Amino acid sequence: MNDKQWNVLYPIGTSVVAYSGIRPEDRLAVAVRKRQVDGRFVEEADANLCRALTTVTRTPARRSASATPWCPSRAERAASTSPTVT
């Protein structure tokens with residue numbers, strides 16, 4: 001889907017679900033949900049990566065200058081949510 005198609009389907013103000021870390025079908029997300037359902041311990045950083053956020057579109061989508069979407073690796077996502085010790 002390109003930016004124009006997205007803007008037609010999801011005009012500003014449309015309710016959408018955003019994934020700040022990983023999508024629900026990712027193996028880690030599946031494992032985290034299973035552990036939660038089983039009442040087992042889940043690392044806070046893992047749970048945060050798996051959160052879905054319900055929000056609304058606030059600006060129109062647009063293609064990036066490079067036309068390549070940026071997607072951080074799992075390690076980069078984990079590093080960005082971990083506290084830094086100095």
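Note that the coordinates shown come from a computational prediction; the quantities given were computed from them, not determined experimentally. The chain is numbered in sequence order, starting from 1. Basis for what follows: all heavy atoms, side chains included, without hydrogens, waters or symmetry-related copies.
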Between [X] and [Y], is any pair of side-chain heavy atoms under 4.5 Å apart?
X: W6; Y: T57; value: yes
X: V16; Y: V56; value: no
X: L53; Y: V17; value: no
X: M1; Y: L9; value: yes

Without swapping roles, check the side chain of N7 against the backbone of P60 for a donor-acceptor pair under 3.5 Å.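 Checked: no pair found.
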
Shortest non-hydrogen contact from [X] to [Y]?
X: T54; Y: S15; value: CG2-OG, 3.9 Å
X: V42; Y: R35; value: CG2-CB, 3.7 Å
X: P24; Y: A29; value: O-CB, 3.6 Å
X: N2; Y: R63; value: CB-NH2, 4.0 Å

Among D26, V30, V32, the one residue meeting side chain to side chain contact (heavy atoms under 4.5 Å, CB included) with C50: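 Among D26, V30, V32, the one meeting side chain to side chain contact (heavy atoms under 4.5 Å, CB included) with C50 is V32.
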
Could you measure the distance from the [atom1] atom of [X] to the [atom2] atom of [Y]? Nearest 0.5 Å is fine.
X: Q36; Y: F41; atom1: CD; atom2: CZ; value: 11.0 Å
X: L49; Y: I22; atom1: CG; atom2: CD1; value: 6.0 Å
X: R58; Y: T14; atom1: CZ; atom2: OG1; value: 12.5 Å

Got more than 12 heavy atoms from elsewhere within 6.0 Å of CD, Q5?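 For Q5, atom CD is crowded (more than 12 foreign heavy atoms under 6.0 Å).
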
Over 12 non-hydrogen atoms of neighbours within 6.0 angstrom of CD in E43: no

If you measure only the distance, is there a donor-acceptor pair under 3.5 Å linking the side chains of R62 and T59?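 There is no such pair (donor and acceptor under 3.5 Å, judged by atom type) between the side chains of R62 and T59.
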
